[in-house]
K.L.:
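Submitted below is the structure of interest, expressed as structure tokens.
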Amino acid sequence: MASNIPTVMTFAQACEIFTLDLLPMVQAVYEQDGIPDMPARREAWNNWTDSLCTDGQISDWQANNWSHPPCND
């Protein structure tokens, strides 16, 4: 529940963190040929938001209702 989270992360904040910090790692591993690997990007996003929820950084609702960031389109 969001009321139990001291500081709620917004979708915009999560997208920025993912794009700046996690996406470069996905690109280094799965996109060495320069072609975006959309399944790898989506899996990384899903795994990351699951971990945020497990750690209590985002609510269950956020984890279940957020779409993917623009870099995954």
K.L.:
Find out if a path of hydrophobic residues (ILVMFWY) with successive side-chain heavy-atom gaps under 4.5 Å connects Trp61 to Phe11.
P.N.:
no
K.L.:
Given the rule in the side-chain contact (heavy atoms from CB on, under 4.5 Å) test, do Gln62 and Cys53 qualify, once you have shown the distances and angles that lead to the verdict?
P.N.:
CA-CA 8 Å; Gln62 289 170 298; Cys53 184; over 6 Å; no
K.L.:
In Å, rounded to the nearest 0.5 Å, how long is the span from CG of Asp50 to CD of Glu43?
P.N.:
10.5 Å
K.L.:
Under the 3.5 angstrom rule, does the side chain of Arg41 hit a backbone N or O of Val26 as a donor-acceptor pair?
P.N.:
no
K.L.:
Identify the two heavy atoms, one from Thr19 and one from Cys71, that lie closest to each other, and give their separation to 0.1 Å.
P.N.:
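Looking at all heavy atoms of both residues, the shortest contact is OG1-SG, 3.8 Å.
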K.L.:
When rounded to the nearest 0.5 angstrom, what is the spacing between OG in Ser51 and CD in Gln57?
P.N.:
7.5 Å
K.L.:
How far does CD1 of Ile58 sit from CD of Gln13, to the nearest 0.5 angstrom?
P.N.:
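Separation between the atoms: 11.5 Å.
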K.L.:
Working to the nearest 0.5 angstrom, can you tell me the gap between Asn46 CG and His68 NE2?
P.N.:
4.0 Å
K.L.:
Scan for salt bridge (charged side-chain N to carboxylate O under 4.0 Å, His left out) pairs involving residues 10-24, sequence neighbours excluded, and state none if there are none.
P.N.:
none
K.L.:
For the atom pair CE (Met9) and CH2 (Trp66), what is the distance rounded to the nearest 0.5 Å?
P.N.:
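Spacing of CE (Met9) from CH2 (Trp66) equals 6.0 Å.
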K.L.:
Provide the closest heavy-atom pair for Pro36 versus Gly34 in the form atom of the first, atom of the second, distance.
P.N.:
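Scanning both residues, the minimum pair turns out to be CD-O, 3.6 Å.
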K.L.:
State the OG-CG distance between Ser59 and Asn64, to the nearest 0.5 angstrom.
P.N.:
8.5 Å
K.L.:
Which residues pass the side-chain contact (heavy atoms from CB on, under 4.5 Å) test with Asp37, not counting sequence neighbours?
P.N.:
Tyr30, Glu31, Pro39, Ala40
K.L.:
Which residues pass the side-chain contact (heavy atoms from CB on, under 4.5 Å) test with Leu22, not counting sequence neighbours?
P.N.:
Phe18, Met25, Trp48
